[in-house]
Amino acid sequence: MNIRFDAVPPLDPKVAAFVGGKHAMLIGSAWLPAASGQALDVIDPSNGRVIAQVPSGDGADVDLAVKAARTAIDGPWSKMVPAERARLIWKLADLIDANVGMLATLNSYESGKPIGDSRNGEVPFTAETFRYYAGWATKINGETMTVNAPGDWHAYTRREPVGVVGQIIPWNFPLSMLAWKVAPALAAGCTIVLKPAEQTPLGALYFGKLVQDAGFPEGVVNVLTGFGETVGAAMAAHPDIDKVAFTGSTEVGRLIARAATGNLKKVSLELGGKAPTIVLGDADIDMAVAGASSAAFFNAGQSCGAGTRFFVHKKIYDKVMSGIAARAEKLKLGAGLDPATELGPVVSQQQMERITRLISEGRSDGAEIVTGGTRAGDTGYFVKPTVISRTRPDMSVIREEIFGPVACAMPFDDEDLDKLAKDANDTEYGLAASIWTNNLGAAHRLAAKIKSGTVWVNCHNVNDVTMPFGGFKQSGWGRELGEQALQLYTETKTVAIRLP
Ligand code: ADP
């Protein structure tokens, strides 16, 4: 399996100037270094080279950013009418579109994902998310109630912004995860302290510049770079942050939920997944093979909704498995910035080592490695797209979130939907699932039995701004996207008036 290294076009001079410039964090209206003076390296995962240094913040920087966010929400931001907020958010969406080249390049450079996915998928989706929530800003209303108590009453609810929110985002979709959090919070009238992942801060810093260009009052959005254990932990524990929203691993989600108990800040969590991909005997095989491959390999498997546990009917199992393996073997590996790349590196050495360790455990547990199974090459953090067959429910490849380009499969021979759902639900996670079938009845029945926040039928990894996304069980608390995300960023106040 060859990896192309020679086909990365030179960076556009404007992008090169930004990447190579001196980076600072956005606090209020100022771009500042970390109070401690510390910095951290940003690495190109296709070759392990340092491409930039950004401030490595800590609690002192979080304090400053929270003060700026508090001043903004106590001042100009709360005085703005929703229609003005909507216009600013819409303008930000336009600026994201106007800067698609810059944002897509930064996104793929620091995360390693294929540039086409950034340019045609993630960045437009980011703009679309802001536009969608711009629309909501003017539609966040309360209700009036008919009161049962004796006398005459006028009772109503108000939806008020929850306040200063801390948002901690991961590296797998640096820009769309930012949008899923920032856009509804702005629509609701909150102010924000945003922390991108330490691996992927550049896109978020450029986004901070676009927030300023759009004309938001200072302090409405603050962008802090640094490690989770320092900046992230200080945000989760901060007494003047009213709500923390997090996307990342279940392990860190637990730490955040615990740290938030000090001031009982509101918490929403979008955590790990181990999505079952169920292919029934009547499924369209070509569609299922293409869909299941993309479920496993899209974004190098670094997606919390990735299809990881394939349950395939015995009568089509061999065909489906050989189809997925053939597709895996054809994928073009290369740097994210090479336009021909179909599968980029994983984000870091640590992730690469974790993925290959889990694959080795699968092998020693007796699973069959149909294709792939190791690191690809010895430069950068590439993992061969891997298909693993003859897995069992107790194996670590089936129990643990791998977060790499790895599809694990097992056949079933009895299309008993209760049994299938029981097997699909045999996991601590409950984020997403997909069902592949032409049998409408089976699809609906199985969708109702699966314990997960999303069930896709004849598709996988389809997210839309209108569709709530989040987890059952240990995959999280709350739903992002759609109208439901506004619940995360508003408090409901009841006003009950006894009429004289
Ligand atoms: P991964 O393990 O896949 O890198 P994490 O869940 O560790 O994912 O990271 C997601 C985000 O959470 C990142 O922004 C990271 O810096 C942050 N983070 C990591 N550890 C903590 C922590 N203890 N408290 C708060 N945030 C954290």
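Order of appearance sets the numbers: ligands from 1, and atoms from 1 within every ligand. Atoms considered below: every heavy atom in the structure, side chains included; atoms not considered: hydrogens, waters and symmetry mates.
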Worksheet item: Using a heavy-atom cut-off of under 4.0 Å, does the side chain or the backbone of Ile169 touch ligand 1, or both, or neither?
Response: backbone
Worksheet item: With the threshold set at 4.0 Å, does a side-chain nitrogen-carboxylate oxygen contact exist between Lys209 and Asp213?
Response: yes
Worksheet entry | Distance filter under 4.0 Å to Gly248 heavy atoms, resulting ligand 1 atoms | 6 (O)
Fill in: Minimum-distance protein heavy atom relative to atom 12 (O) of ligand 1
Phe246 CE1, 3.1 Å
Worksheet item: Which residue owns the protein heavy atom closest to atom 7 (O) of ligand 1, what's the atom, and how far is it?
Response: Val252 CG2, 3.6 Å
Practice prompt. Hey, can you tell me if Trp180 and Phe125 have their rings parallel, tilted or perpendicular (30° and 60° cut-offs)?
Written response: perpendicular
Fill in: Ring centres under 6.0 angstrom apart (Phe207, Phe130)
yes
Item to complete: Identify, by atom number and element, the atoms of ligand 1 in contact range of Lys195, meaning under 4.0 Å from any of its heavy atoms.
Response: 14 (O), 15 (C), 16 (O)
Worksheet item: Are any of the heavy atoms in Thr247 under 4.0 Å away from ligand 1?
Response: yes
Worksheet item: Does CH2 belonging to Trp90 count more than 12 external heavy atoms closer than 6.0 Å?
Response: no
Discussion item. Strictly below 4.0 Å, N to O, side chains only: are Asp242 and Arg70 in salt-bridge contact?
Written reply: yes
Worksheet item: Relative to atom 5 (P) of ligand 1, which among Pro170, Ser348, Ser249, Ala259 owns the nearest non-hydrogen atom?
Response: Ser249
Discussion item. I'd like to check whether Ile256 has a polar contact with ligand 1, where a contact means an N/O of the residue lying under 3.5 Å from an N/O of the ligand.
Written reply: no
Worksheet item: If you measure from atom 24 (N) of ligand 1 to every heavy atom of Pro196, Gly228, Gly166, which option wins on shortest distance?
Response: Gly228
Worksheet item: How about Lys473: does its NZ atom have over 12 heavy atoms from other parts shown lying under 6.0 Å from it?
Response: yes
Worksheet item: So, are Glu353 and Arg357 salt-bridged, with charged N and O less than 4.0 Å apart?
Response: no
Worksheet item: To the nearest 0.5 Å, how far apart are CZ in Phe298 and CG in Asn461?
Response: 6.5 Å
Worksheet item: Looking at atom 16 (O) of ligand 1, what's its closest protein heavy atom, distance included?
Response: Glu198 OE1, 2.5 Å
Item to complete: Look at ligand 1 and say whether Trp171 reaches it with a heavy atom at a distance under 4.0 Å.
Response: yes
Worksheet item: Which word best sums up how the rings of Trp456 and His460 line up, parallel for under 30°, tilted for 30 to 60°, or perpendicular for over 60°?
Response: tilted
Discussion item. Quick test: of every protein heavy atom, which one is nearest to atom 23 (N) of ligand 1, and how far off is it to 0.1 Å?
Written reply: Leu255 CD1, 3.6 Å
Discussion item. Can you report which non-hydrogen protein atom sits closest to atom 25 (C) of ligand 1, along with the distance?
Written reply: Gly232 C, 3.2 Å
Discussion item. Under 4.0 Å and counting heavy atoms only, is there anything from the protein next to atom 9 (O) of ligand 1?
Written reply: no
